[in-house]
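Structure, as structure tokens:
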Amino acid sequence: VQLQASGGGLVQPSGSLRLSCAASGFTLDDYAIGWFRQAPGKEREGVSCIGSSGGSTYYADSVKGRFTISRDNAKNTVYLQMNNLLPEDTAVYYCAARRGLKSGRYHCVGPLGDDYWGQGTQVTVSS
């Protein structure tokens, strides 16, 4: 069982990036998938999460209207499209999978659970 996060990089403010979280060894649609980020000196934050099998989505207030989470079940991959990036979006972004959880909000802001975690991908927003 493995999650592979990718797509980070250096981008100027107002630019865009698309992060990918690819799963191997399990069917991603059976799992809630969340994107979390952690900046230096700050606590980990749930950015956007999507519930399993058509469950609900959640966005942190700080990214609403700018980020979009989506699934491609054929590719067993979840994406985070990030538009209009701001310097405060700079962080290491991680994806995490939790089996059978329908609520994206609970995944993002609830207590830690039995998640699989991918390695982080660095996003740096700077001019």
Side-chain angles (χ1 to χ4, degrees):
V1 174
Q2 191 173 14
L3 286 174
Q4 181 76 33
S6 61
L10 172 64
V11 64
Q12 293 187 341
S14 77
S16 297
L17 285 173
R18 188 177 77 160
L19 305 184
S20 299
C21 179
S24 58
F26 63 99
T27 301
L28 209 57
D29 195 46
D30 294 338
Y31 289 73
I33 304 298
W35 285 99
F36 299 80
R37 68 185 180 188
Q38 189 161 22
K42 294 189 176 181
E43 292 188 354
R44 188 186 65 191
E45 173 188 20
V47 175
S48 182
C49 297
I50 185 166
S52 65
S53 302
S56 62
T57 57
Y58 168 85
Y59 296 94
D61 287 344
S62 57
V63 306
K64 277 182 184 175
R66 300 188 298 121
F67 290 10
T68 304
I69 192 168
S70 62
R71 289 181 181 272
D72 185 336
N73 289 334
K75 295 183 178 180
N76 219 28
T77 300
V78 169
Y79 301 101
L80 185 67
Q81 178 67 43
M82 306 188 296
N83 298 329
N84 191 22
L85 283 159
L86 305 172
E88 49 263 44
D89 294 318
T90 295
V92 179
Y93 284 70
Y94 301 87
C95 60
R98 192 179 306 180
R99 186 176 178 87
L101 179 63
K102 288 284 193 180
S103 171
R105 186 180 189 283
Y106 188 86
H107 195 200
C108 262
V109 302
L112 289 176
D114 188 17
D115 286 72
Y116 296 111
W117 287 88
Q119 89 294 355
T121 185
Q122 175 71 47
V123 172
T124 303
V125 185
S126 175
S127 55

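Below, all heavy atoms of this structure are taken into account, side chains as well, without hydrogens, waters or symmetry copies.
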Ile69/Tyr59 under side-chain contact (heavy atoms from CB on, under 4.5 Å): CA gap, chis, key distance, verdict | CA-CA 9 Å; Ile69 192 168; Tyr59 296 94; 3.4 Å; yes
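- A donor-acceptor pair is defined here as one N or O able to donate and one able to accept, closer than 3.5 Å; such a pair exists between the side chain of Gln119 and the backbone of Ala5.
- More than 12 non-hydrogen atoms from other residues, nucleotides or ligands lie less than 6.0 angstrom from NZ of Lys102.
- The distance from the CG atom of Leu28 to the CG atom of Leu3 is 7.0 Å, given to the nearest 0.5 Å.
- Counting all heavy atoms, side chain and backbone alike, Pro13 lies closest to Ser127 at CD-N, 3.7 Å.
- Annotation: side chain of Met82 is not in contact with side chain of Ser16 (no heavy-atom distance under 4.5 Å).
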Chi angles and distances behind the side-chain contact (heavy atoms from CB on, under 4.5 Å) call for Trp35, Cys21 = CA-CA 9 Å; Trp35 285 99; Cys21 179; 3.5 Å; yes
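- For the atom pair CG (Leu19) and OG (Ser48), the distance works out to 10.5 Å, reported to the nearest 0.5 Å.
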What do the steps show when you test Asn84 against Ser14 for side chain to side chain donor-acceptor pair (under 3.5 Å), and what is the final call?
-> CA-CA 4 Å; Asn84 191 22; Ser14 77; 5.3 Å; no
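- In this structure, the side chain of Ser103 engages the main chain of Tyr106 through a donor-acceptor pair within 3.5 Å.
- Between the side chain of Ser52 and the backbone N or O of Leu101 there is at least one donor-acceptor pair closer than 3.5 Å.
- Residues Tyr58 and Val109 form a side-chain contact, since some pair of their non-hydrogen atoms from C-beta on lies under 4.5 Å apart.
- Rounded to the nearest 0.5 angstrom, Asp30 CG and Arg98 CZ are separated by 15.5 Å.
- At least one donor-acceptor pair under 3.5 Å links the side chain of Asn76 to the backbone N or O of Phe26.
- Using a 4.5 Å heavy-atom threshold, the side chains of Leu10 and Gln122 count as separate.
- With salt bridges taken as basic N to acidic carboxylate O contacts below 4.0 Å, none links Asp114 and Arg99.
- Of all the heavy atoms in Asp89 and Arg66, the pair that sits closest is OD2-NH1, 2.7 Å.
- Ring geometry, Tyr31 versus Tyr116: the interplanar angle falls from 30° to 60°, so the pair is classed tilted.
- Between atom CD of residue Gln4 and atom OG1 of residue Thr77 there is a gap of 10.5 Å, rounded to the nearest 0.5 Å.
- Going from atom OG of Ser126 over to atom CG of Leu85 covers 12.0 Å, rounded to the nearest 0.5 Å.
- Using the six-membered ring where Trp is involved, Tyr93 and Phe67 have ring planes that are tilted, between 30° and 60° apart.
- When side chains are defined from C-beta on, Glu88 does not count as touching Ser62, because their heavy atoms never get closer than 4.5 Å.
- Within the 3.5 Å criterion, the main-chain N or O of Thr90 finds no donor-acceptor partner in the side chain of Thr124.
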Check step by step if side-chain contact (heavy atoms from CB on, under 4.5 Å) holds for Val92 and Gln38.
-> CA-CA 5 Å; Val92 179; Gln38 189 161 22; 5.5 Å; no
